[in-house]
Amino acid sequence: MSAIAIKHNDEIVDLVTAQEQGIEGEEIELDNSPEALDVLRHSTAHLMAQAIKSLYPDAQFFVGPTVKEGFYYDFKTEAEIGEADLKKIEKQMLSFAKKKYKIEKYAISKAEAQEKFKDDPLKLAVMKRIPDETVSIYKQGEFEDLCRGPHLPSIGLIRYFKLTKIAGAYLGGDSKNEMLTRIYGIAFATKDALKAHMDMLAEAEKRDHRKLGNEMKLFTFREEVGAGFPIWLPAGGRLRARLESLLFKAHRKRGYEPVRGPEMLRSDLWKTSGHYQNYGENMYFTNIDEIEFGVKPMNCVGHIKVYEDELHSYRDLPIKYFEYGVVHRHEMTGALHGLFRVREFTQDDAHIFCTVDQIEEQIIEVIDFVHKIMTTFGFEYKMMISTKPEKAVGDAEVWEKSEAALKSAMEKHNLDYDIDEGGGAFYGPKIDIKILDAIGREWQCGTVQLDNNLPARFELEYNGEGNEKIQPVMIHRAILGSFERFIGILTEHYAGEFPMFIAPTQVAIVPVAESHKEYAKELSDKLIDINADSEIYAKNDSLNKRIRTAEKTRVPMIAVVGDEEIENKTVSIRDRRTREQYTLSQEEFLSLIQTKINEVNF
RNA sequence: GCCGACAUAGCUCAGUUGGCUAGAGCAGCUGAUUUGUAAUCAGCAGGCCCGGGGUUCAAAUCCUCGUGUCGGCACCA
């Protein structure tokens, strides 16, 4: 195999450039290494542009970078391009690739380039973003493009690629600008790698919570109900109830008090909190008796009212309130996505009111809570500290102190974290928890946010040692984020095969014949006593059919009972997916289920 | 909100260039069968073809405005 590029001082340069400038370094070969793929995909983007240009001669191109999952190119054409056209473009790309055009490069001054592309506003826009005085042009066959490279020596090396999506994208990523057409694609050095990637996409599709949620009857949406308002079906209701009850205990152990605020509050309160001004566009309002009310988009204000219900001493702090708080946020139509982005959802929300000195230990306690939950579900996770954004309230000193507290908490406990500069909420810095699911995808769930703003706006206070009035710090935190989103993620993580402790149904009981129904019912009652749900499959269908039906619900365990089992007081167990069968006594069976349910303890 | 695609039975999907009474599988109901570890057989019932407006002798099919869904972009306090 020969080199496709040179790595020099951690920079990848293409062969043309290396030769031209006499650069020497490590040779990059065309394999599936990140460096090689980056070059390959970049050139594939150009090949795609070449194909598009030949099929749609009026096409003008903006930028075509490589991204995490491949590459894309943004362009503009009068022609209407749809999904169906991707195949056509792919075909054209292959035919160009077969011609094995060399990818040539030459440099011209920016002024020359501006002259050259004077009829192409998109290219001129690209050039505006380039500070250099000289720009490089890459050329393959008739096709030329302004580009910094690096590129393959020849498009003949491009063989294993696929165009995956077509979509609109704002020029320069700014919604004030016009919208261009964007085509996404992926390329690999080998056929196997491409296939593996396509298989991974197919696997992700199989796990899609919207598909599984429908199949498993977890939840649904209905047009007449309204976009973004999920409807929880019985199976989903049971799953969710299990999660809620596990989490309830975990909160109580850590000293959180369950509270509940109203679903809507007078708008004056939202004006005090600042939500009216900052977030009002996304809130639901209603007017009655000439008073305006706002449906809560978060639970803080309710908890603040709980805090205000009595006077507090420094001796009482920290005070922790929690609530499965239902909130409404009018998300934009295009943002809605299954359970991941909805307009009504329930947060596992809590607010900790504490002294400045207590911030650090409280943060650590929350992080430990997060750790227990995430590892129980088999998620790896990482944390990110987000600092002061441009649009921020509160004075700079408080911001600095809060950010420092977060960082020092992490560092003292040797916890790894990344920093997202300027990614904080307008009222304080935060720690976000990003989890990694079973197939390596990243999700943002929990968040811990420091807030000095609301305590000030609502003039919260507690009595200090010398009976002086002190403003407490408020820590907002959610661990799952929302039940909706988290259950969506769990569904995809487990591919619908929920572990016993969270599964909507723990056991499917299949009586062999009519005469065994009574024993099945007896088992089912005993299961309820140990907090396990079961379903009896006693329909007038063949045994095989009922086992098949039960299997398809992805229930963790099937218990078959017939004459033998009744006589010996046993159950015949069939584990999910494996065809393994074994017999247990009733006691063994019940204690096994009980153990599996109880082994989880956050 | 923006660009593009799509919407047919509870679910998954057929339905030709506008043209007979809009079909199938699964699920449901009724009956027969009473089953030992992934689909027993037969019969029946299911549709304002997403909604409003239009074009046409004729619309599931074409146009238009909504609603919803999907892929992205933008957004996510």
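Throughout, a chain's letter reflects where its sequence line sits, starting with A, and its residues are numbered from 1. Everything quoted here is computed from the prediction, not taken from an experiment.
Of the P atoms belonging to B:rC6 and B:rC62, the separation is 9 Å, rounded to the nearest Å. Using P as the reference atom, B:rC2 and B:rC65 are 12 Å apart when rounded to the nearest Å. Separation of the C1' atoms belonging to B:rG15 and B:rA22 is 7 Å when rounded to the nearest angstrom. Comparing B:rG31 with B:rG23, their C1' atoms sit 26 Å apart, to the nearest whole Å. Comparing B:rG19 with B:rA59, their C1' atoms are spaced 10 Å from each other, to the whole Å. Distance noted for atom P between B:rA9 and B:rG47: 10 Å (whole Å). Look at the P atom in both B:rA27 and B:rC41: the space between them is 11 Å, to the nearest Å. Only the P atoms considered, B:rU30 is 46 Å distant from B:rG66, to the nearest whole Å.
With sequence neighbours left out, A:Tyr307 forms a side-chain hydrogen bond (donor to acceptor under 3.5 Å, both in side chains) with no residue at all. The ring-ring contact (aromatic ring centres under 6.0 Å, His included) check on A:His46 picks up A:His42, A:His151, with sequence neighbours excluded. With sequence neighbours excluded, the residues forming a side chain to side chain contact (heavy atoms under 4.5 Å, CB included) with A:Ser267 are A:Tyr276, A:Phe285, A:Glu292, listed by chain and number. Remark: A:Phe75 pairs with A:Phe61 by the ring-ring contact (aromatic ring centres under 6.0 Å, His included) rule, at least two apart or across chains. Annotation: side chain to side chain contact (heavy atoms under 4.5 Å, CB included) contacts of A:Lys526 (sequence neighbours excluded): A:Glu522, A:Gln586, A:Leu590. The side chain to side chain contact (heavy atoms under 4.5 Å, CB included) test applied to A:Val301 returns A:Leu265, A:Leu269, A:Trp270, A:Ser273, A:Phe458, not counting sequence neighbours. Partners of A:Lys87 according to the side-chain hydrogen bond (donor to acceptor under 3.5 Å, both in side chains) rule, which considers only residues two or more places apart in sequence or in another chain, do not exist here. Scored by the side chain to side chain contact (heavy atoms under 4.5 Å, CB included) test, A:Lys388 finds A:Ala392, A:Ala396, A:Trp399, A:Glu403 as partners (sequence neighbours excluded).
For the OP1/OP2 pair of B:rG36 and a distance below 4.0 Å, the side-chain nitrogens and oxygens of A:Arg574 include no atom meeting the criterion. In this structure, A:Ser542 does not reach the B:rU35 phosphate: none of its side-chain N or O atoms is under 4.0 Å from OP1 or OP2. In this model, the phosphate group of B:rU37 is not approached by any side-chain N or O of A:Asn544 to a distance below 4.0 Å at OP1 or OP2. Distances shorter than 4.0 Å separate some side-chain N or O of A:Lys545 from OP1 or OP2 on B:rA27.
Spacing between atom CZ of A:Arg548 and atom P of B:rU37 amounts to 16 Å, rounded to whole angstrom units. Regarding A:Tyr519, its OH atom lies at a distance of 15 Å from the C1' atom of B:rG36, rounded to whole Å. Rounded to a whole Å, the NZ atom of A:Lys552 is 11 Å from the C1' atom of B:rG25. Atom CD of A:Gln449 and atom C1' of B:rC76 are 12 Å apart (whole Å). Nucleotide B:rU12 holds its P atom 13 Å from the CG atom of A:Leu212, rounded to whole Å. Atom CD of A:Glu224 and atom P of B:rU67 are 15 Å apart (whole Å). For the pair A:Asn568 CG and B:rG36 P, the interatomic distance rounds to 18 Å; values are reported in whole Å. Distance, A:Leu543 CG to B:rU40 P: 10 Å, rounded to whole Å.
The 5' end of RNA chain B is approached more closely, in terms of each residue's nearest nucleotide, by A:Ala513 than by the other of A:Ala513 and A:Lys430. Taking the nucleotide of RNA chain B with the nearest heavy atom to each of A:Glu514 and A:His330, the more 5' of the two is matched to A:His330.
For A:His337 and A:Phe340, the ring centers sit closer than 6.0 Å to each other.
Residue A:Tyr72 is out of contact with every strand shown, counting any heavy-atom pair closer than 4.0 Å. Using a 4.0 Å heavy-atom distance criterion, A:Glu564 is classed as a base contact.
Using a 3.5 Å distance cut-off with no hydrogens or angles, the side chains of A:Thr447 and A:Asp432 do pair a donor with an acceptor. For the residue pair A:His476 / A:Asp451, a side-chain donor-acceptor distance below 3.5 Å is found, with atom types taken as modelled.
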*Summary of protein contacts for nucleotides 68-75 of chain B, nucleotide by nucleotide, where a base hit scores B, a sugar-phosphate-only hit scores S (4.0 Å, heavy atoms)*: SSSBBBBB
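The strand RNA chain B forms stems, runs of 3 or more Watson-Crick or G-U wobble pairs with distances below 3.5 Å, at B:1-7 with B:67-73, B:10-13 with B:23-26, B:28-32 with B:40-44, B:50-54 with B:62-66.
For A:Glu281 and B:rG1, a side-chain-to-base donor-acceptor distance below 3.5 Å is absent, hydrogens and geometry of angles not being considered. On a pure distance criterion of 3.5 Å, no polar donor-acceptor pair joins the side chain of A:Arg546 and the base of B:rA39.
With its glycosidic angle within 90° of 0, B:rG46 adopts the syn conformation.
For the side-chain hydrogen bond (donor to acceptor under 3.5 Å, both in side chains) condition, the pairs that include at least one residue of residues 221-233 of chain A, sequence neighbours left out, are A:Arg222-A:Glu224.
Under the 30°/60° scheme for interplanar angles, the aromatic rings of A:His197 and A:Phe188 are found to be tilted.
Residues from residues 533-541 of chain A with heavy atoms under 4.0 angstrom of RNA chain B, sorted by number: A:Lys539, A:Asn540, A:Asp541.
Side-chain atoms of A:Asp437 never come within 3.5 Å of backbone atoms of A:His493 as a donor-acceptor pair (strictly under, hydrogens ignored).
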